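Quantities reported herein were computed from a predicted structural model and do not represent experimental measurements.
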Amino acid sequence: MLDTVLLELEGVITDTAEARRDAILAALRTEGLDLAEDAYREHCAGLGLEDAARAALRSADRPLDEITISLIALRAERAYRAYLGKGLTLVEGARETLERLHDTARLGLVTRAGRDEATFVLSLARLEHLFTCVIAAEDAPAKPSPEPYRRALARLHHARARAVRGLVVALEDGLPGIRAARAAGMSSVVVGDVPAHVA
């Protein structure tokens, strides 16, 4: 029986993955790095801004200078927030699916986004009431570490008297999230354009 569904925010609930990708690629270009989209998908998709910048530089055999990484992440964040300021689109069917799942399972958000961004987006979409817990970028090491999922399960154990006893499923849009969920011992479902043989 399905007990808990843990979801990434971007690419699973919100249709903002392309905006994040474009923001990161534009910020990388300011440093003279023109990363192809397939290289972005392989190395950066599913990571937070700083980790994506670090992975992109590593994939291009560039020095991992922390100041450069921070500048790339700040530029990408500025562009991404400008996009969010124009409005928010949910993934098709996300609201209906979340509302249906909420009737039978506990929902938790396990996201690479920062807490401010996550709570802002959930509030804007009027979805915050559906989630029992939110694990954001500040709460645990970045995926593919299994720690974000482990912390979500620990919070869910304390959030209600009922312990997590049934099936726990993670919905993810990128390889780091899939690896994190599997390392935490849970089933995962990939949403989005990650090829099935890769997932």
Side-chain angles (χ1 to χ4, degrees), residues 1-20 45-49 51-52 80 84 87-194 196 198-199:
M1 178 177 165
L2 184 63
D3 180 284
T4 302
V5 181
L6 301 173
L7 306 96
E8 173 58 70
L9 178 63
E10 186 176 273
V12 176
I13 299 172
T14 61
D15 192 11
T16 52
E18 283 186 22
R20 185 180 291 269
L47 298 176
L49 297 176
D51 288 332
Y80 180 69
L84 281 183
L88 179 68
T89 304
L90 298 181
V91 170
E92 185 177 347
R95 179 182 303 281
E96 296 80 5
T97 301
L98 289 170
E99 288 171 349
R100 264 188 261 119
L101 284 170
H102 184 257
D103 290 340
T104 57
R106 292 186 285 193
L107 301 180
L109 192 70
V110 180
T111 180
R112 64 184 170 262
R115 181 164 297 282
D116 288 347
E117 179 186 331
T119 54
F120 170 71
V121 168
L122 289 177
S123 172
L124 193 64
R126 297 190 180 120
L127 295 172
E128 68 272 22
H129 65 285
L130 299 176
F131 291 90
T132 304
C133 78
V134 174
I135 301 295
E138 300 91 334
D139 298 321
K143 302 169 189 175
S145 166
E147 196 57 30
Y149 280 108
R150 290 182 181 145
R151 291 198 186 173
L153 290 176
R155 282 205 193 158
L156 287 167
H157 275 298
H158 296 295
R160 290 188 190 170
R162 178 171 65 90
V164 177
R165 290 201 176 99
L167 179 64
V168 179
V169 176
L171 297 183
E172 280 286 351
D173 73 324
L175 293 178
I178 295 167
R179 290 181 181 125
R182 289 184 182 162
M186 60 187 66
S187 301
S188 60
V189 175
V190 67
V191 176
D193 64 353
V194 177
V198 173

What is the minimum heavy-atom distance between C133 and R155, and which atoms define it? CB-CB, 4.1 Å
So how far is it from R106 CZ to L2 CG, rounded to the nearest 0.5 Å? 11.0 Å
Non-hydrogen atoms of A184 and Y149 that approach each other most closely: CB-CB, 3.8 Å
In this structure, OG1 of T89 is separated from CG of L84 (nearest 0.5 Å) by 10.0 Å
Smallest separation among heavy atoms of I178 and S188, with atom names: CG2-OG, 3.7 Å
Taking atom CD of E18 as the centre, report whether more than 12 heavy atoms of other residues, nucleotides or ligands fall under 6.0 Å from it. no
Can you see whether E128 engages S123 through a side-chain donor-acceptor pair at a distance of less than 3.5 angstrom? no
Could you grab the distance from atom OG of S145 to atom CZ of R150, nearest 0.5 Å is fine? 7.0 Å
Is the CD atom of E96 crowded by more than 12 outside heavy atoms at less than 6.0 Å? yes
Out of curiosity, T111 OG1 to I13 CD1, how far, rounded to the nearest 0.5 Å? 8.0 Å
Identify the two heavy atoms, one from M186 and one from L153, that lie closest to each other, and give their separation to 0.1 Å. CE-CD1, 3.6 Å
Once you round to the nearest 0.5 Å, how far does CZ of F120 lie from CG of L88? 8.0 Å
Salt-bridge test for E117 and R20: reply yes if a basic N is under 4.0 Å from a carboxylate O, no otherwise. yes
Would you check if E8 and R112 make a side-chain contact, meaning some heavy-atom pair closer than 4.5 Å? yes
Applying side chain to side chain contact (heavy atoms under 4.5 Å, CB included) to K143 and V110, what does each step give before you reach the verdict? CA-CA 10 Å; K143 302 169 189 175; V110 180; 3.8 Å; yes
Measure across L130 and H102 and return the closest heavy-atom pair with its distance rounded to 0.1 Å. O-CD2, 3.1 Å
Taking every heavy atom of A105 against every heavy atom of T4, the minimum-distance pair comes out as CB-N, 4.3 Å
Evaluate T16 against V121 for side chain to side chain contact (heavy atoms under 4.5 Å, CB included), listing each step before the verdict. CA-CA 11 Å; T16 52; V121 168; over 6 Å; no
Donor-acceptor pair, side chain of R151 and main chain of I135, under 3.5 angstrom: no
Distance col, row L6:CG vs T132:OG1, nearest 0.5 angstrom, shows 9.5 Å
Taken in chain and number order and not counting sequence neighbours, the residues that satisfy salt bridge (charged side-chain N to carboxylate O under 4.0 Å, His left out) with R115 are D139
Non-hydrogen side-chain atoms of L90 and L127 separated by less than 4.5 Å: yes
Under 4.5 Å between any side-chain heavy atoms of L156 and D3, yes or no? no
